[in-house]
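For reference, the structure is listed below as structure tokens.
Order of listing sets the numbers, starting from 1, for every ligand and every atom in it. When a residue number appears, it is its place in the shown sequence, counting from 1. As the structure is a computational prediction, the values presented were derived from the model and not from experiment.
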Amino acid sequence: MGEFELIRRFFDRAPNRALLGVGDDCALVRPNAGLELAMTTDMLVEGRHFRAGAAPRSLGHKSLAVNLSDLAAMGAAPRWALLALGLPAAEPKWLEEFSAGFFALADRFGVELIGGDTTRAPLITISIVALGEVPAGVAMYRSAARPGDDVWVSGELGGAALALKRPEIKEAARRLHEPEPRVELGERLRGLAHAAIDVSDGLTGDLGHILERSQVGAVIDYERIPRPAALRALKESELERDCVLSGGDDYELLFTAPPERRSQLQLLSGELDLALTRIGIIQAGAVQLLVRDAQGKPMTHGGGYDHFRDPA
Ligand code: ADP
Ligand code: MG
């Protein structure tokens with residue numbers, strides 16, 4: 001199977017909203033008037049982000065999910081994606097499953113694959129560009145947290161990190177391999193939340209980005225942070241702390257909102273059938289994150305994940 005047959009068989013789908021999709025030198029899109037275009041890219045590399053032999057269907061899902069998660073964190077509605085794929089070999093079975101995982105998620109949110117690039121490469125390398133739309137002036141910047149804001153998180157944290165440490169725990173494994181991007185939540189947070197970020201590198205690290213950009217501090221109550229029942233059940237306090245505070249790959253949304261929004265956010269949580277939990281507050285002053293334990297004492301934590309600090 002050659003490059004062009006591969007593209008035609010697995011990735012060439014007629015676009016709907018885009019003016020021109022796969023097959024020309026560029027795709028063409030026309031954003032709706034009055035909307036801003038949100039653009040992001042995220043890469044998954046074999047041996048770094050997933051192990052050799054990882055299930056291709058999950059890879060197709062996850063590689064798109066991590067990009068949709070970034071759009072959600074800005075409050076953007078996902079529209080289009082471009083897929084650059086490096087593969088050691090063109091295996092139809094692998095491509096079949098990869099594209100099935102990719103398109104199942106894409107179709108759920110009306111995302112169109114409008115182009116990409118395909119090449120042979122020593123390791124599986126998946127790089128996606130995702131484009132979304134957001135009404136002018138309402139995107140949620142990391143720099144928008146204000147003193148007095150509540151800090152909120154969706155869903156649960158620590159499941160994906162737990163899966164790396166205890167692969168036998170099935171509910172955690174799904175969180176790691178097939179994360180659910182919080183697309184609807186991101187769109188619904190427009191006008192409610194101030195700052196937002198998706199938790200890809202761990203709570204403390206990602207909240208740190210908001211604090212840095214907003215030049216504020218935060219106090220977080222450790223016990224309030226929602227976590228999988230399976231993690232609590234282990235009763236291993238250090239492992240639990242590392243997963244909850246520093247574990248990456250959960251792709252929940254972490255956001256700040258003024259206290260006047262509490263009741264609206266509770267309603268939204270019910271409507272989306274997604275837990276939204278208040279875990280702390282933003283404070284004026286030093287850019288500093290304090291995590292308090294149940295007794296109110298400061299906890300030490302390892303910070304977030306850093307691809308260059310951590311040995312491969
Ligand atoms: P070019 O030589 O202009 O870069 P290519 O020959 O690489 O174009 O690709 C042909 C067409 O197929 C282009 O429209 C490109 O966007 C698309 N394409 C290539 N690889 C993929 C892919 N993995 N997924 C979706 N579209 C792809
Ligand atoms: Mg090309």
Side-chain angles (χ1 to χ4, degrees), residues 1-32 35-72 74 76-133 177-181 183 198 200 249 251 307:
M1 184 175 44
E3 176 185 341
F4 301 104
E5 195 204 334
L6 181 162
I7 296 166
R8 194 186 47 72
R9 249 177 87 181
F10 298 105
F11 300 111
D12 188 353
R13 291 230 201 144
N16 224 337
R17 204 190 296 248
L19 304 176
L20 185 61
V22 171
D24 214 312
D25 296 309
C26 289
L28 294 172
V29 302
R30 183 187 294 142
N32 287 312
L35 300 185
E36 291 169 359
L37 208 48
M39 295 176 256
T40 185
T41 186
D42 245 323
M43 186 157 70
L44 295 189
V45 177
E46 180 180 334
R48 182 77 238 183
H49 301 91
F50 58 91
R51 61 185 166 71
R57 197 184 159 99
S58 296
L59 285 179
H61 173 99
K62 184 167 180 174
S63 57
L64 181 60
V66 299
N67 282 278
L68 300 192
S69 177
D70 280 324
L71 292 177
M74 291 307 281
R79 299 286 186 241
W80 304 289
L82 298 136
L83 167 65
L85 204 49
L87 298 171
E91 288 172 21
K93 182 102 180 66
W94 190 96
L95 283 154
E96 186 83 57
E97 289 179 25
F98 176 87
S99 63
F102 179 98
F103 283 116
L105 180 62
D107 291 348
R108 256 202 299 137
F109 293 115
V111 173
E112 298 179 332
L113 181 63
I114 56 172
D117 197 25
T118 307
T119 180
R120 199 185 282 275
L123 293 171
I124 298 174
T125 308
I126 308 157
S127 178
I128 289 180
V129 171
L131 307 174
E133 290 177 320
H177 300 301
E178 298 198 3
E180 177 65 15
V183 173
D198 63 324
S200 54
D249 262 6
Y251 300 99
H307 283 101

- Query: If you measure from CZ on Phe10 to CG on Leu83, what distance do you get to the nearest 0.5 Å?
  - Reply: 13.0 Å
- Query: Any idea which heavy atoms bring Ile114 and Ala18 closest together, and the distance?
  - Reply: CG2-CB, 3.7 Å
- Item | Numbered atoms and elements of ligand 1 in range of Asp117, under 4.0 angstrom, heavy atoms | 7 (O), 19 (C), 20 (N), 21 (C), 23 (N)
- Task: For the residue pair Phe98 and Phe11, categorise the inter-ring angle as parallel (less than 30°), tilted (30 to 60°) or perpendicular (more than 60°).
- Result: perpendicular
- Do ligand 1 and Leu113 have nitrogen or oxygen atoms that lie under 3.5 Å from each other? no
- Message: I need the atoms of ligand 1 closer than 4.0 Å to a non-hydrogen atom of Thr118, numbered in the order shown.
- Response: 19 (C), 20 (N), 21 (C), 22 (C), 23 (N)
- Query: For ligand 1, which atoms, with element, lie under 4.0 Å from some heavy atom of Gly115?
  - Reply: 16 (O), 24 (N), 25 (C), 26 (N), 27 (C)
- Show which atoms of ligand 1 fall inside a sub-4.0 Å distance from at least one heavy-atom site of Gly23. 11 (C), 13 (C), 14 (O)
- Message: Measuring from atom CG of Leu123 to atom CZ of Phe50, what distance do you get when rounded to the nearest 0.5 angstrom?
- Response: 8.0 Å
- Message: Considering Ile126, Asp25, Val22 one by one, which has a heavy atom nearer to atom 3 (O) of ligand 1 than any of the others?
- Response: Asp25
- Would you mind listing which atoms of ligand 1 come within a distance below 4.0 Å of any non-hydrogen atom of Phe11? 23 (N), 24 (N), 25 (C)
- Message: Nearest 0.5 Å, please: how far is CD1 in Ile7 from CE in Met1?
- Response: 10.5 Å
- Item | Non-hydrogen atom of Phe10 closer than 4.0 Å to ligand 1 | no
- With no hydrogens and no angle check, is any side-chain donor or acceptor of Arg120 less than 3.5 Å from a backbone partner on Pro88? yes
- Closest non-hydrogen contact found for Asp198 with Val66 is OD2-O, 4.4 Å
- Message: If the cut-off is 4.0 Å to any non-hydrogen atom of Phe4, which atoms of ligand 1 fall inside it?
- Response: 6 (O)
- Where ligand 1 meets Asp24 - atom numbers and elements under 4.0 angstrom, heavy-atom basis: 13 (C), 14 (O)
